[in-house]
Amino acid sequence: MLNSISPEDLFVAFGLDSARIGERPFVQRRLSDLRGCFADTAAYDAALAAEDPVLYEVTAVEPANGDGQLHYGLGILYPGKIGDEYFLTKGHYHSHRPAAEVYVGLKGEGAMLLEDEHSSESRMVPLRANSVVYVPGHTAHRTLNTGDTPLVYLGIYPSNAGHDYGAIADKNFRMTIVEQNGQPALRERVEGRG
Ligand code: F6R
Ligand code: MN
């Protein structure tokens, strides 16, 4: 097994500010890729008409596949809001529903929105430097930047987790995280409204 892992995957150095791993390719999501995710559709359309900024970037590292193996992603989510809702990731379930994930906050101030697949129970959990968020299996998860600097984090997950974006694209999350009196707050998401 050890021999089958490339030295580049055994030891990885990353930039804490850039959230890049050398020259490795990364996925970039712009505001236009997030259509349908934000509650305030008028504010979304107005923002997109003005510009199409990069909201986040993720470098995925997949050293090995198979039972017991791990993958991870280094993410950077930029600050901003659409209406009073913070910039956010698409969010997903894992295709293999029992797969859990650990998020490690590295820089900035953010929150994770967790939603139980069966009960739709929602939680807002802080994500910041020197902190770990445990995302149980069967839980939709989305990351939001609640600060005014880039949020940098690692997500570590089983190699067989897979990503199911379809369920979120259909139904979105029941709740969202908005700025209320200068603080992040969980609020019922009403389509078309903030
Ligand atoms: C992997 C994981 C993270 C996200 C990243 C971007 O399972 O949860 O690495 O992939 O935060 O969010 P999405 O994938 O929802 O666009
Ligand atoms: Mn995940």
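As the structure lists them, so they are numbered: ligands from 1, and atoms in each ligand from 1.
In Arg142, neither the side chain nor the backbone holds a heavy atom less than 4.0 Å from any atom of ligand 1. Residue Tyr165 touches ligand 1 through its side chain alone, judged by heavy-atom distances below 4.0 Å.
What sits closest to atom 12 (O) of ligand 1 on the protein, heavy atoms only, is Thr89 CB, 3.5 Å. Looking from atom 2 (C) of ligand 1 to the surrounding protein, the closest heavy atom is Glu101 OE2, 3.0 Å. Closest to atom 16 (O) of ligand 1, if we only count protein heavy atoms, is Tyr56 OH, 2.5 Å. The protein atom (non-hydrogen) at minimum distance from atom 10 (O) of ligand 1 is His92 CE1, 3.7 Å. The shortest contact between atom 11 (O) of ligand 1 and any protein heavy atom is with Tyr153 OH, 2.6 Å. Remark: minimum distance from atom 3 (C) of ligand 1 to any protein heavy atom is reached at Tyr103 OH, 3.2 Å.
Geometrically, Arg20 engages Phe26 in a cation-pi contact, judged by NZ or CZ lying under 6.0 Å from the ring centre and within 45° of the ring axis.
Ionic pairing of Asp9 and Arg24 is present here: one or more N-O contacts between side-chain nitrogen and carboxylate oxygen are shorter than 4.0 angstrom. The pair Asp164-Arg97 counts as a salt bridge, with a side-chain nitrogen and a carboxylate oxygen less than 4.0 angstrom apart. Between Asp17 and Lys107, at least one side-chain N (NZ, or NE/NH1/NH2) sits under 4.0 Å from a carboxylate O, which counts as a salt bridge.
In summary, the atoms of ligand 1 found under 4.0 Å from a heavy atom of His141, numbered by their order in the structure, are 8 (O). Atoms of ligand 1 found under 4.0 Å from any heavy atom of Tyr157, numbered from 1 in the order shown, are 1 (C), 7 (O). Counting the atoms of ligand 1 from 1 in the order shown, those under 4.0 Å from a heavy atom of Val58 are 5 (C), 6 (C). Within the listing of ligand 1, atoms 7 (O) sit less than 4.0 angstrom from a heavy atom of His94.
The hydrophobic cluster containing Leu77 does not contain Ile156, counting ILVMFWY residues as joined when their side-chain heavy atoms lie under 4.5 angstrom apart, directly or transitively.
The atom name of the N/O/S atom in Glu101 closest to the Mn ion (ligand 2) is OE1.
In this structure, His92 and His94 have tilted ring planes: the angle between them lies in the 30° to 60° band.
Under a 3.5 Å cut-off, the side chain of Asn172 and the backbone N or O of Cys37 do form a donor-acceptor pair.
Looking only at side-chain heavy atoms (C-beta outward), Leu48 and Arg35 come within less than 4.5 Å of each other.
The angle His141:NE2 - the Mn ion (ligand 2) - His92:NE2 amounts to 80°, with values rounded to 10 degrees.
Ring pair His96/Tyr157: centre-to-centre distance not below 6.0 Å.
At a cut-off of 2.8 Å, His163 is not counted among the residues with an N, O or S atom near the Mn ion (ligand 2).
Within the 4.0 Å heavy-atom shell around ligand 1 one finds Gly91.
Minimum heavy-atom separation, Leu74 to Phe14: CD2-CB, 3.5 Å.
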